[in-house]
Amino acid sequence: MIITTGDRPLTEVAARAERLAERLGVPYAPRGNQSITKLFSRYEGEILVVLLEGTRLLRPGRPQLQFHPSMGFVRAKRVLKGEGDPMLEAAGMAPGDSVLDCTAGLGSDALLFAVRGGERSRVTALESSLPLYALLAEGMASYASGIGEVDAALRRINVVHSDHRSYLASLPGDSVDIVYFDPMFREPLEDSAAISPLRAYANSDSLAPGSVHEAVRVARKAVVLKEKRGSGEFSRLGFAEQLRPGAKTSYGVIRIDDRS
Ligand SMILES: C[S@@+](CC[C@H](N)C(=O)[O-])C[C@H]1O[C@@H](n2cnc3c(N)ncnc32)[C@H](O)[C@@H]1O
C-alpha cells in the first residue's frame, strides 16, 4: 500500500498524508502529475488518496471505498433524539460503559457505541486490515458530518490497527464492559450497500472460538455477535440469537452473569 494526495494538493493536505504514511510505516508517494493508473503500475497493492474533502481507498478492478458513517449516521441521530437501537439494546449498553469493537470496518457501529456511551465512555475499535485501518483512522479524525455531537463521538473513538485475537489476549480479565464482534458474514447479504464495497479490502476470516473465549474473560457485562439471521455461527460460538421481526440480521449475546 502507498499513500498519496490528489493533483495539486494544499500544503496542509500533503502534510497530513505524509504524516499518516510515516505513522503507518508505508511509502508516501508525492502525486506530482502522475495518474492513478501510473501509480498502480509503479507500486504494489492499494492506494490511499488523501483529499481535502475526504480519503479514498483504491485497488485495481475494485470499487473505490470512501469513509462515510452511512447508516451509522442515521442511527446516531436517532439515538441522540433518545430513540433505541437494536444493537445497543442487545448489548445492554448504558452511558459511560466501555466498549471494545473487535471488527471496526467503517466504524458505523463504533460510532453508535460512542454516541450512547457519551463523554465518559471509552470506545476502542480494532481493524486488522491495514488499508481499512488507514481509511478509518483518517476518517474518524477528520470527517465532518455537520452535527457537532456526531463529530465529537467520532473523535473519541480510539482506532487501533490490530487483530482482535492478540489484542484480547493482552487485556486483563473483566476490563471492558462490552465486547462486540461483527465479522464478515459466512454467507454474505448480497444487497448490503454498506458492506459489499468493503469486501475487497476486509479480513474475511471466520470468528475463532478462542477469540470468543478471550472476549468472555475480558468482558464485564456482555459479548455480542452480529450475523445473518439464523446463522449457524451463533450456536457454533455459544451465543443466544435474539431474533428481530423482519430483520435479515440478528444479534447473539453472551451475558456475563451467565458465564459460570
Ligand atoms: C462486517 S465488517 C464490520 C462493519 C462494522 N461493524 C461497521 O459498522 O462498519 C468486519 C470488519 O472486521 C474486520 N476484521 C475481521 N477479522 C478481524 C480480526 N481478527 N481482527 C480485527 N478486525 C477484523 C474486517 O477487516 C472488516 O473490516
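One-based numbering, in listed order, for ligands and for the atoms of each. Computed over heavy atoms, backbone and side chain alike; hydrogens, waters and symmetry mates excluded.
- Q64 and R59 share no side-chain donor-acceptor pair at under 3.5 Å.
- In terms of N/O distances under 3.5 Å, ligand 1 is approached by G107.
- Close approach of ligand 1 to M184 is summarised as follows: ligand atoms under 4.0 Å from at least one heavy atom of the residue are 1 (C), 2 (S), 10 (C).
- At a heavy-atom cutoff of 4.0 Å, ligand 1 is contacted by the side chain of L132 but not by its backbone.
- At least one side-chain heavy atom of R16 sits under 4.5 Å from a side-chain heavy atom of E138.
- Contact annotation for D205 and ligand 1: no heavy atom of the residue comes within less than 4.0 Å of the ligand.
- Of all atoms in ligand 1, listed by their number and element, those nearer than 4.0 Å to a heavy atom of L198 are 2 (S), 27 (O).
- Ionic pairing of E233 and R236 is present here: one or more N-O contacts between side-chain nitrogen and carboxylate oxygen are shorter than 4.0 angstrom.
- Backbone and side-chain nitrogen or oxygen atoms of D101 are examined, and none is located within less than 3.5 angstrom of a nitrogen or oxygen of ligand 1.
- Using a 4.0 Å cut-off between charged side-chain N and carboxylate O, D97 and R220 make no salt bridge.
- Aromatic pair F239/F234: ring centres not closer than 6.0 Å.
- Proximity of S108 to S70: side-chain heavy atoms (C-beta onward) are separated by under 4.5 Å at one or more points.
- Of the protein's non-hydrogen atoms, D109 N, 2.9 Å is the one closest to atom 8 (O) of ligand 1.
- Using a 4.5 Å heavy-atom cutoff, the side chains of D182 and Y180 are in contact.
- For the pair N203 and ligand 1, the shortest N or O to N or O distance falls below 3.5 Å.
- Between the side chain of E241 and the main chain of G230, a donor-acceptor pair closer than 3.5 Å is present.
- Looking at R199, H164, K226, it is H164 that brings a heavy atom closest to atom 20 (N) of ligand 1.
- The backbone N or O of K228 sits nowhere less than 3.5 Å from a side-chain atom of T249 that would complete a donor-acceptor pair.
- Applying the 4.0 Å criterion to heavy atoms of A202 picks out, from ligand 1, the atoms 24 (C), 25 (O), 26 (C).
- Any N or O atom pair closer than 3.5 Å counts here, and R165 shares no such pair with ligand 1.
- A side-chain donor-acceptor contact under 3.5 Å links E89 to the backbone of D85.
- Distances from atom 2 (S) of ligand 1 to the heavy atoms of L168, L112, D182 show the closest one on D182.
- Below 4.0 Å from some heavy atom of S108 lie the following atoms of ligand 1, by number and element: 7 (C), 8 (O), 9 (O).
- At least one N or O atom of L106 sits closer than 3.5 Å to an N or O atom of ligand 1.
- Contacts with ligand 1 closer than 4.0 Å are made by no heavy atom of A110, backbone or side chain.
- In terms of protein heavy-atom proximity, atom 12 (O) of ligand 1 is nearest to T103 CB, 3.2 Å.
- What you find for L57 and E46 is that their closest heavy atoms are CD1-CB, 3.9 Å.
- At distances below 3.5 Å, at least one donor-acceptor pair connects side-chain atoms of R229 with backbone N or O atoms of R244.
- Note: an N/O pair closer than 3.5 Å links E127 and ligand 1 by distance alone.
- Listed by number with element, the atoms of ligand 1 under 4.0 angstrom from any heavy atom of A104 are 5 (C), 7 (C), 9 (O).
- Contacts of S204 with ligand 1, taken as heavy-atom pairs under 4.0 Å, are absent altogether.
- Here the side chains of M87 and M93 are not in contact, with every heavy-atom distance at 4.5 Å or above.
- Of all the heavy atoms of S162, the ones lying under 4.0 Å from any atom of ligand 1 belong exclusively to the backbone.
- Of the candidates P69, G72, S128, S128 brings a heavy atom nearest to atom 22 (N) of ligand 1.
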